[in-house]
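Throughout, a chain's letter reflects where its sequence line sits, starting with A, and its residues are numbered from 1.
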Protein chains: 2
Amino acid sequence: MKIDPNSSEDLSVQIAEAIRAAIVNGDLRVDQRLPTEAELGEQFDVSRSTVREALKRLAAQSLIRTQRGASGGAFVNRLSFEDAQGQMITTSTLLLSMNAVDFETACEARYALERACAPLAAFRRSADHLATMRAEIHRQTQPGLSDEAFCASDVAFHRTLVDAAGNPVLSYQLAGAVEAMQPLMNMITFTARSRERIVALHTRIADALEARDGAAVERGLAELAGYTTELGKSVAAARAARRTTP
Amino acid sequence: MKIDPNSSEDLSVQIAEAIRAAIVNGDLRVDQRLPTEAELGEQFDVSRSTVREALKRLAAQSLIRTQRGASGGAFVNRLSFEDAQGQMITTSTLLLSMNAVDFETACEARYALERACAPLAAFRRSADHLATMRAEIHRQTQPGLSDEAFCASDVAFHRTLVDAAGNPVLSYQLAGAVEAMQPLMNMITFTARSRERIVALHTRIADALEARDGAAVERGLAELAGYTTELGKSVAAARAARRTTP
DNA sequence: CGATTTTCATTTGTCAGACAATTAAAAGTC
DNA sequence: GACTTTTAATTGTCTGACAAATGAAAATCG
């Protein structure tokens with residue numbers, strides 16, 4: 001763990017990287033306690049504030065956690081799927097909101113991912129998964145349901161589909177894509193007609209899953225993907241028109 | 001933007017969250033300059049050090065960048081795919097190295113993702129993509145190639161396959177999965193026999209892509225997935241045996 | 001006047017020292 | 001032995017200072 005005081009990089013960045021490297025290559029193990037801030041300052045020959053800024057950088061990435069008090073300190077964090085998923089969601093949301101990626105691209109990625117889950121889900125789905133999906137479909141047919149609630153149910157439905165695949169890596173990757181699309185998705189389910197169509201496709205997918213027919217699940221998803229993209233396009237077009245002639 | 005000095009959360013965390021929220025909901029736009037650290041300190045009624053720790057947290061997530069000097073300061077960052085991919089890779093690497101996810105799960109996710117790309121890649125692949133893949137296959141047949149070099153070429157092959165799908169979201173998601181698996185992948189390509197088999201499957205996949213036959217690409221990937229999982233298992237078993245009887 | 005150099009004000013990066021808040025362990029008390 | 005108090009260790013926050021970078025304004029020169 002060495003740093004160069006004459007580098008163009010900030011000291012706190014260098015220190016954060018040194019500690020991260022130590023974690024990644026195994027010199028620091030999960031739940032192991034780091035030296036105190038004062039000790040780190042001595043080791044790296046910097047002040048405590050600089051060490052603290054480095055630790056905050058690592059904490060922001062869930063690499064460490066800190067605890068006050070005697071026998072407190074900074075500990076190497078075991079990165080959980082929840083943490084990773086949280087990071088994924090914030091990153092994806094920003095990517096979409098800053099227009100680095102458009103709705104069509106996100107939509108395509110989302111359904112490609114779900115499609116990848118289809119055969120696994122068909123094979124591994126439990127009765128529980130199926131029951132959850134049926135319940136969500138039923139909720140989606142309620143007439144008084146708000147757009148937000150419909151959309152939340154839609155997310156829950158798809159999330160269950162992915163969870164049924166039994167692969168947490170896929171689950172957390174999809175979570176980012178879905179969550180980021182949420183705001184725009186809210187806008188494209190506002191007519192009763194599109195809801196009807198979506199519910200019909202959801203039912204088809206659930207039926208296919210019940211029959212453990214992966215190929216049929218894929219076909220249902222493909223159709224849903226096409227429909228969603230279409231709706232997204234028309235909403236975007238309407239928006240653009242409103243902007244030019246307000 | 002308000003914070004609660006009596007909350008159990010650290011002040012720097014609260015401030016970081018307040019600023020992040022302002023960025024996400026659009027109050028702060030891309031490339032917009034934040035107030036100076038001193039001004040932020042006044043606004044939130046905290047010291048400059050606390051503000052700085054909050055800003056470091058945001059910088060660690062690439063949400064802001066800072067610049068010294070007159071007319072310097074902190075600016076809202078436009079999150080790029082490269083930044084997002086970098087975060088994805090570090091996160092995935094940690095997930096795997098900390099055993100929150102095992103090789104089999106990562107492997108399954110990886111090939112599911114590639115499989116999702118198959119139809120898109122078959123449709124959109126350019127002559128360039130194909131040429132790159134052929135070149136990598138040719139490199140993989142060189143007898144003197146080191147394991148690391150073979151593996152790097154393998155990664156390049158698959159990366160091209162995904163890039164051919166023309167969806168940057170899928171590309172950056174896969175990058176994390178592949179990169180994280182790299183160390184173990186290095187260990188499972190050490191016999192000439194397995195290389196032969198892998199090259200044969202790569203050729204099959206490239207042929208299918210050339211013929212724009214998405215289904216055939218999927219079949220090739222499925223077989224490769226099965227073979228890789230199998231190799232991974234045997235390597236893991238050999239490792240375990242070595243550990244019990246050293 | 002135009003181009004170049006110098007000065008200067010602004011802002012972040014780093015440092016030093018202090019105190020508050022928290023917490024686990026040690027010491028004391030019944 | 002169970003409970004309470006004290007204590008020491010550690011992070012969280014504050015204050016004030018100086019260094020380093022940097023763009024803009026001022027001064028200088030041809």
| Residue list, salt bridge (charged side-chain N to carboxylate O under 4.0 Å, His left out) with A:Asp31, at least two apart or on another chain |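 If we apply the salt bridge (charged side-chain N to carboxylate O under 4.0 Å, His left out) test to A:Asp31, skipping adjacent residues, the hits are A:Arg65.
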
| request: Just jot down the side chain to side chain donor-acceptor pair (under 3.5 Å) partners of A:Ser126, sequence neighbours excluded, or say none. | output: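 Side chain to side chain donor-acceptor pair (under 3.5 Å) list for A:Ser126, sorted by chain: A:His129.
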
| note | Letter by letter from the 5' end, nucleotides 20-26 of chain C scores (B base, S sugar-phosphate only, - none; protein heavy atoms under 4.0 Å) -SBBB--

| task | Between A:Val13 and B:Thr36, name the one whose nearest nucleotide on DNA chain C is closer to the 5' end. | result |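 Result of the comparison: B:Thr36.
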
| Bounds of contact between DNA chain D and chain B, in 5' to 3' order, using a heavy-atom cut-off under 4.0 Å |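 That gives a stretch of D:dG12 to D:dG23.
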
| Which is true for A:Arg33 with a 4.0 Å heavy-atom rule: it touches a base, it touches only sugar-phosphate, or it touches nothing? |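 Counting heavy atoms under 4.0 Å across all strands, the contact made by A:Arg33 is with sugar-phosphate only.
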
Backbone N/O of [Y] and side chain of [X]: donor-acceptor pair under 3.5 Å:
{"X": "B:Asn77", "Y": "B:Leu79", "result": "no"}
{"X": "B:Arg48", "Y": "B:Ala38", "result": "no"}
{"X": "B:Glu37", "Y": "B:Val51", "result": "no"}
{"X": "A:Arg33", "Y": "A:Gly72", "result": "yes"}
{"X": "B:Ser153", "Y": "B:Ala149", "result": "no"}

Could you tell me the separation between the [atom1] atom of [X] and the [atom2] atom of [N], rounded to a whole number of Å?
{"X": "A:Gln14", "N": "C:dT14", "atom1": "CD", "atom2": "C1'", "value": "13 Å"}
{"X": "B:Leu34", "N": "C:dT12", "atom1": "CG", "atom2": "C1'", "value": "13 Å"}
{"X": "A:Lys56", "N": "C:dG13", "atom1": "NZ", "atom2": "P", "value": "17 Å"}
{"X": "A:Glu37", "N": "C:dT14", "atom1": "CD", "atom2": "C1'", "value": "15 Å"}

| said: Looking at B:Glu136 and B:Arg139, is there a salt bridge between them, counting it only when a charged N and a carboxylate O are closer than 4.0 Å? | reply: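 Answer for the salt bridge query: yes.
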
| field | Check ion pair A:Glu53-A:Arg57 (N to O, under 4.0 angstrom) | value |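 Result for this pair is no, no salt bridge flagged.
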
| query | With nearest nucleotides of DNA chain D determined for B:Asp10 and B:Gly72 from heavy-atom distances, which residue corresponds to the more 5′ nucleotide? | reply |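 By nearest-heavy-atom nucleotide position, the 5'-most residue is B:Asp10.
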
| message | Pairing donors with acceptors under 3.5 angstrom, does anything connect the side chains of B:Asp102 and B:Thr105? | response |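 Yes - a donor-acceptor pair under 3.5 Å links their side chains.
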
| said: Tell me which residues in residues 47-55 of chain B lie within less than 4.0 Å of DNA chain D, going by non-hydrogen atoms. | reply: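 Those residues are B:Ser47, B:Arg48, B:Ser49, B:Thr50.
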
| Taking only residues two or more places apart in sequence, or in another chain, which ones meet A:Gln85 in a side-chain contact (heavy atoms from CB on, under 4.5 Å)? |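 A:Gln85 satisfies side-chain contact (heavy atoms from CB on, under 4.5 Å) with A:Ile89, A:Arg159, A:Tyr172, A:Ala175 once adjacent residues are dropped.
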
